[in-house]
Undergrad: 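Below you'll find the structure I mean.
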Amino acid sequence: SNVNFKAKCESNDDGTLSYHKFVAPQRKSFMQSTSPRSHYNFIHDSLPYRTTNAQQLQLYDTYMNDVLSFNHIDKWKRITQCLNHDQDAPGNQLMCKALVTDYHIANEDVARAQSTIQSAYDSFVKYDDDALNKHDREQLYVRAFYEWIVAFDQKRAEKIFRLISREYPFDLYAAKRAQEMSFDLSDWDSMLSIFVDIYDYHSVNGTKNPLKDAKTGQSIPSAYYNGLLSFA
């Protein structure tokens, strides 16, 4: 549907936001008001991306939307352009390399996926499992993809993706990847519970979902949530 709604967002400057593919609320903004708005990065709650490169943020945004809207795999390839940015500070490329790894996995290029995520994985100190929440979200993404495609431990990958989803409940991309791990493991209960855990943030009846139709004042669901829930 091409219907355009206006959705209220408590952190938005003017109190409204165009509601289209993958728009979700945030609790506070990590981007300056002069920064380019992104319907993934701007809306989600304080995404801890180290980069301030507008092109980089747009690539992240576009890729996550490509994945969640099931765009053709040929479109996913544009995420590889992010490797051209932030080369002076490798630590700023962690999310880039995590998403490029995701693309290579989908494109069935395991060798490239492994080499890409290995370089990111080796660049920061790792905490034990009982202290995973000390990691930035970018680092958690790197660790999750490493467990998936290098260590081949999808159970650990699922655990980390779920941690991201719990810590940042508006992050449906992490929830989707957690669901994929559960599917591969035939863990049907987890496939459902991942989205039950964040129901209040996304459902039309969710007590923590502030999205409203500006014309009617009625609650509206977070984009993509119902589709992901129904798959479970």
Side-chain angles (χ1 to χ4, degrees), residues 11 22 24 26-68 75-107 109-128 131-151 156-157 160-161 163-178:
S11 66
F22 201 50
Q26 72 169 7
R27 288 169 290 185
K28 55 184 178 178
S29 173
F30 84 104
M31 296 178 73
Q32 299 298 318
S33 59
T34 56
S35 300
R37 294 194 177 186
S38 156
H39 68 254
Y40 184 86
N41 295 308
F42 184 78
I43 300 305
H44 282 69
D45 48 313
S46 300
L47 291 176
Y49 295 159
R50 296 179 179 129
T51 186
T52 57
N53 185 298
Q55 291 176 288
Q56 199 79 325
L57 293 172
Q58 182 61 38
L59 286 167
Y60 296 166
D61 170 44
T62 302
Y63 182 77
M64 293 173 183
N65 190 64
D66 284 340
V67 172
L68 289 163
K75 291 187 176 181
W76 296 23
K77 185 177 181 179
R78 52 193 165 192
I79 188 57
T80 59
Q81 297 172 29
C82 72
L83 295 169
N84 299 326
H85 305 301
D86 294 326
Q87 293 179 338
D88 58 328
N92 289 359
Q93 284 196 330
L94 294 182
M95 195 64 186
C96 166
K97 289 185 175 181
L99 298 181
V100 169
T101 298
D102 189 58
Y103 162 69
H104 287 317
I105 293 171
N107 204 38
D109 192 339
V110 175
R112 284 191 180 182
Q114 291 174 327
S115 62
T116 300
I117 206 63
Q118 185 73 61
S119 65
Y121 183 83
D122 292 340
S123 69
F124 60 90
V125 175
K126 264 69 71 180
Y127 294 101
D128 293 336
L132 282 174
N133 59 0
K134 291 184 178 180
H135 284 300
D136 291 338
R137 190 186 329 198
E138 295 169 313
Q139 295 172 337
L140 287 171
Y141 266 109
V142 169
R143 291 200 63 172
F145 279 108
Y146 176 87
E147 296 297 342
W148 180 6
I149 200 63
V150 177
R156 282 177 59 82
I160 298 172
F161 281 128
L163 172 61
I164 299 172
S165 181
R166 287 194 303 271
E167 292 290 316
Y168 305 93
F170 294 123
D171 191 340
L172 285 176
Y173 184 80
K176 176 178 173 61
R177 285 293 170 252

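Residue numbers count from 1 along this sequence.
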Undergrad: Do Arg112 and Tyr103 have side chains that get closer than 4.5 Å, going by heavy atoms?
TA: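 No, their side chains stay 4.5 Å or more apart.
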
Undergrad: Please say whether the positively charged group of Lys126, taken as NZ for Lys or CZ for Arg, lies over the ring of Tyr121, i.e. under 6.0 angstrom from the six-membered ring centre and within 45 degrees of the axis.
TA: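 Checked: cation-pi criterion met.
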
Undergrad: Taking only residues two or more places apart in sequence or in another chain, which ones pass salt bridge (charged side-chain N to carboxylate O under 4.0 Å, His left out) with Arg177?
TA: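 Testing Arg177 for salt bridge (charged side-chain N to carboxylate O under 4.0 Å, His left out), a comparison that skips the adjacent residues, returns Asp102, Glu180.
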
Undergrad: Looking only at heavy atoms, what is the nearest atom pair of Asn133 and Leu163, with distance?
TA: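 It is N-CD2, 4.2 Å.
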
Undergrad: Measuring from atom CE of Met64 to atom CG of Leu99, what distance do you get when rounded to the nearest 0.5 angstrom?
TA: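 Met64 atom CE to Leu99 atom CG measures 4.5 Å (nearest 0.5 Å).
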
Undergrad: Which atoms form the tightest heavy-atom contact between Ala98 and Tyr141, and what is the distance?
TA: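 That closest heavy-atom pairing would be CB-CB, 4.1 Å.
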
Undergrad: If we check side-chain contact (heavy atoms from CB on, under 4.5 Å) with His135, which of these qualifies: Ile160, Val125, Leu140, Val142?
TA: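 The side-chain contact (heavy atoms from CB on, under 4.5 Å) with His135 is passed solely by Leu140 among Ile160, Val125, Leu140, Val142.
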
Undergrad: Give, for atom CG of Leu68 and atom CG of Leu172, the distance between the pair rounded to the nearest 0.5 Å.
TA: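 One finds 7.0 Å between CG of Leu68 and CG of Leu172.
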
Undergrad: So, do Tyr173 and Tyr63 sit near enough that their side-chain heavy atoms are less than 4.5 Å apart?
TA: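 Contact flag for Tyr173/Tyr63 side chains = yes.
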
Undergrad: On a heavy-atom basis, which atom in Leu132 and which in Tyr127 lie closest, and how many Å separate them?
TA: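 That would be CD2-O, 4.1 Å.
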
Undergrad: Is a side-chain donor or acceptor of Ser123 paired with a backbone partner of Ala120 at a separation under 3.5 angstrom?
TA: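 Side chain of Ser123 to backbone of Ala120: a pair is present.
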
Undergrad: I need the Asp171 CG to Lys176 NZ distance, nearest 0.5 Å.
TA: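 Those atoms lie 13.0 Å apart.
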
Undergrad: Where do Ala157 and Glu147 come nearest, in terms of heavy atoms and distance?
TA: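 Taking every non-hydrogen atom into account, N-CB, 3.9 Å.
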
Undergrad: What heavy-atom pair brings Phe161 and Ala174 nearest, and what distance separates the two atoms?
TA: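 Result for this residue pair: CB-O, 3.8 Å.
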
Undergrad: Which distance, rounded to the nearest 0.5 Å, do you find between the CG of Leu59 and the CD of Gln56?
TA: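 The distance works out to 6.0 Å.
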
Undergrad: Donor-acceptor pairs under 3.5 angstrom involving side-chain atoms of residues 88-95: please list them, not counting sequence neighbours.
TA:
residue: Gln93; atom: NE2; partner: Leu83; partner atom: O; Å: 3.1
residue: Gln93; atom: NE2; partner: His85; partner atom: O; Å: 2.5

Undergrad: Determine whether a donor-acceptor pair (N or O, by modelled atom type, separation under 3.5 Å) exists between the side chain of Gln114 and the backbone of Val150.
TA: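 No, because the side chain of Gln114 does not come within donor-acceptor range (under 3.5 Å) of the backbone of Val150.
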
Undergrad: Nearest 0.5 Å please: distance from the CD1 atom of Ile105 over to the CZ atom of Phe145.
TA: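 The CD1 atom of Ile105 sits 6.0 Å away from the CZ atom of Phe145.
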
Undergrad: Please check this pair: side chain of Thr116 against backbone of Ala113, looking for a donor-acceptor N/O pair closer than 3.5 Å.
TA: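 Not a single qualifying donor-acceptor pair exists.
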
Undergrad: Looking at Asn107 and Asp109, would you say the former's side chain and the latter's main chain have a donor-acceptor pair under 3.5 Å?
TA: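 Checked: no pair found.
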
Undergrad: With rounding to the nearest 0.5 angstrom, report the CD to SG distance, Gln87 to Cys96.
TA: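 Between Gln87 CD and Cys96 SG, I get 9.5 Å after rounding to 0.5 Å.
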
Undergrad: The criterion is salt bridge (charged side-chain N to carboxylate O under 4.0 Å, His left out); which residues satisfy it with Arg166, sequence neighbours excluded?
TA: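 By the salt bridge (charged side-chain N to carboxylate O under 4.0 Å, His left out) rule, Arg166 matches no residue at all.
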
